[in-house]
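In this chain, residues are counted from 1 in sequence order.
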Amino acid sequence: MATVLEKIADHIVSRTSFSPLAMARAQEAVIDTIGCMLAGAADQAPQAVARAFSGQIGANGPPAILRGGRASPSVAALINGTAAHCLDFDDNFHPARAHASAVLVPALLSIATADAAISGRQFLHAYLAGLEAQAAVGFGVNPSHYNRGWHGTSTVGCIGTAAGVAILLGLNATEIAQAMSIATSSAAGPKGQFGTPTKPLHAGMAARNAVEAALLAQAGMSGRLDILERPQGFLDLFGGEACAGWQALSMGDSHIIETHGLVTKLHPCCASTHRAIDAARDLQMEYDFCLDDVLSIETKLGRSAVDNLAYPDPVDEMQARFSMQYCLATALYQGNLSLSDFTCAAIFRPEIRLHMPKISMSAYHAAQEHGIERLPHHVTIDLRDGRRLKTERLYATGSVAVPLTAAERGSKFADCLRWAGLRAEKTHEAFLNFEDAASLKEMLNSFERSTAP
């Protein structure tokens, strides 16, 4: 009887083509992640990683570290993965409870930038394979795994991404399953690190570990192929109290990116804040009030979202990204959130701090969440004139249900490049031919030349 890893590997190998919708969504996700990676490259977290491994970074060697030097695939994936996630502007993938693209894209880039023969289409195929593998692994352990305190980006993301890298390397189904098995021994990362630079390091470590697992499998390393489901395996140790396992796993004709999609972030902060921000902004636009008019704001979220937002009085920009009080007050004060709102100077603005104590959070009870894939986030706003305004959001802006427009995607990409100090003219449009690139390495080299400061 085939193991779970063998079933996943056999399935993703059997997919030789993808629908136009799947390819289009994959391309959008890759472009968005590259923008986030470039914007984050100068942040303290990836810079610390680069300093730690400075002896392995130089002018020569294969894979490019965007915005500075070249290094081994492992080091390139580690630095670029940390950069992709450090501003918390990268996408979310609900089936894996992970920032899927922040692990997948840097890991795949570390291989693609070393081989001029890899095309944009091959890259997207590998991305879609890795995304489907992440969803399949997450199916058996989430939401219990995530609610227990594991960061799915660095656990589920690592295991699934190993499959994507193995596809890009041209490995067979057995080798792909072995790559995922090896990656399982590197899967780790507690959510207790949220609000610190180690949180984005999780994405970098997952990308590095996925690359190394695939390369080890290619070289003949092996592990147990039943490591997900066996005693003392991933499910047993990481699953939590209410995990389902994989008996009901179904990987059908429709790809997970078609049925569930990703959430492309509109706001550069923890996704746990987004539905409350969007709901409050919905009320603000409908009833035309300002933050000075507000007496109090009550938010009701999922349990894991409340756990993630542990900083009611943030002391630095990283904590601010995980503060409902800061993010929601800022969004209502000025109508939006931008990268410039997450600097040491910005987070202490008195006009924002004045209103943060008005905002409170509560969570659903465990019984209310049990067996429910998604519950809406609620916002109740009491105004000084006596009105009480209520609404809810089931989906954040940027989800498949409420997608960003093409203009919003282009604007976000340009903003990321400007934040990085790079030229932004027509760069998003150039990437829209990503799928048709004969050599992804040459395309990225051309991009780097065209955006040089």
Can you tell me if [X] and [Y] form a side-chain donor-acceptor pair at under 3.5 Å?
X    : Y    : value
H267 : D278 : yes
D91  : S101 : yes
S340 : S338 : yes
T264 : E28  : no
N308 : Y146 : yes
Y364 : H370 : no

Would you indicate whether the side-chain heavy atoms of [Y] and [X] approach each other to under 4.5 Å?
X    : Y    : value
T273 : L328 : no
P197 : Q44  : yes
R281 : N336 : no
R97  : V156 : no
M324 : P312 : no
W246 : V141 : yes
D307 : F194 : no
H94  : S399 : no

Got a donor-acceptor contact below 3.5 angstrom from the [X] side chain to the [Y] backbone?
X    : Y    : value
S304 : N147 : no
Q284 : L332 : yes
T82  : P46  : no

Mind checking the [atom1]-[atom2] spacing from [X] to [Y]? Nearest 0.5 Å is all I need.
X    : Y    : atom1 : atom2 : result
T397 : E408 : OG1   : CD    : 8.0 Å
S72  : L215 : OG    : CG    : 9.5 Å
S323 : L309 : OG    : CG    : 7.5 Å
L131 : H255 : CG    : NE2   : 5.5 Å

- Might you work through the side chain to side chain contact (heavy atoms under 4.5 Å, CB included) test for I227 and M180, ending with a clear yes or no? CA-CA 9 Å; I227 195 61; M180 296 177 75; over 6 Å; no
- For the pair I176 and L5, evaluate side chain to side chain contact (heavy atoms under 4.5 Å, CB included) and give the outcome as yes or no after the intermediate values. CA-CA 8 Å; I176 293 167; L5 289 180; over 6 Å; no
Do you know the tightest heavy-atom contact between [X] and [Y]?
X    : Y    : result
I182 : A217 : CD1-N, 3.9 Å
A214 : V165 : CB-CG1, 3.5 Å
E317 : I347 : N-CD1, 3.8 Å
A203 : G81  : CB-O, 3.6 Å
A177 : A9   : N-CB, 3.9 Å
I167 : A126 : CG2-CA, 3.9 Å

- Decide if the gap between the ring center of Y127 and the ring center of F18 is smaller than 6.0 angstrom. no
- Task: Verify the ring-centre separation between F434 and F123: is it less than 6.0 angstrom?
- Result: yes
- Message: One thing to verify: whether D32 and K265 come together as a salt bridge, which I'm taking to mean a side-chain N less than 4.0 angstrom from a carboxylate O.
- Response: no
- Query: For the residue pair Y326 and F342, does the interplanar ring angle fall in the parallel (under 30°), tilted (30 to 60°) or perpendicular (over 60°) class?
  - Reply: perpendicular
- Query: Considering the options H99, H202, M37, which one meets the side chain to side chain contact (heavy atoms under 4.5 Å, CB included) requirement together with H85?
  - Reply: H99
- Message: Show me the pairs that pass salt bridge (Lys or Arg N to Asp or Glu O under 4.0 Å) and involve residues 359-371, at least two apart or across chains.
- Response: R303-E369
- Q178/M221 under side chain to side chain contact (heavy atoms under 4.5 Å, CB included): CA gap, chis, key distance, verdict: CA-CA 8 Å; Q178 288 291 358; M221 179 62 71; over 6 Å; no
- Task: Please step through side chain to side chain contact (heavy atoms under 4.5 Å, CB included) for the pair D115 and K441, ending with a clear verdict.
- Result: CA-CA 7 Å; D115 185 351; K441 178 180 179 180; over 6 Å; no
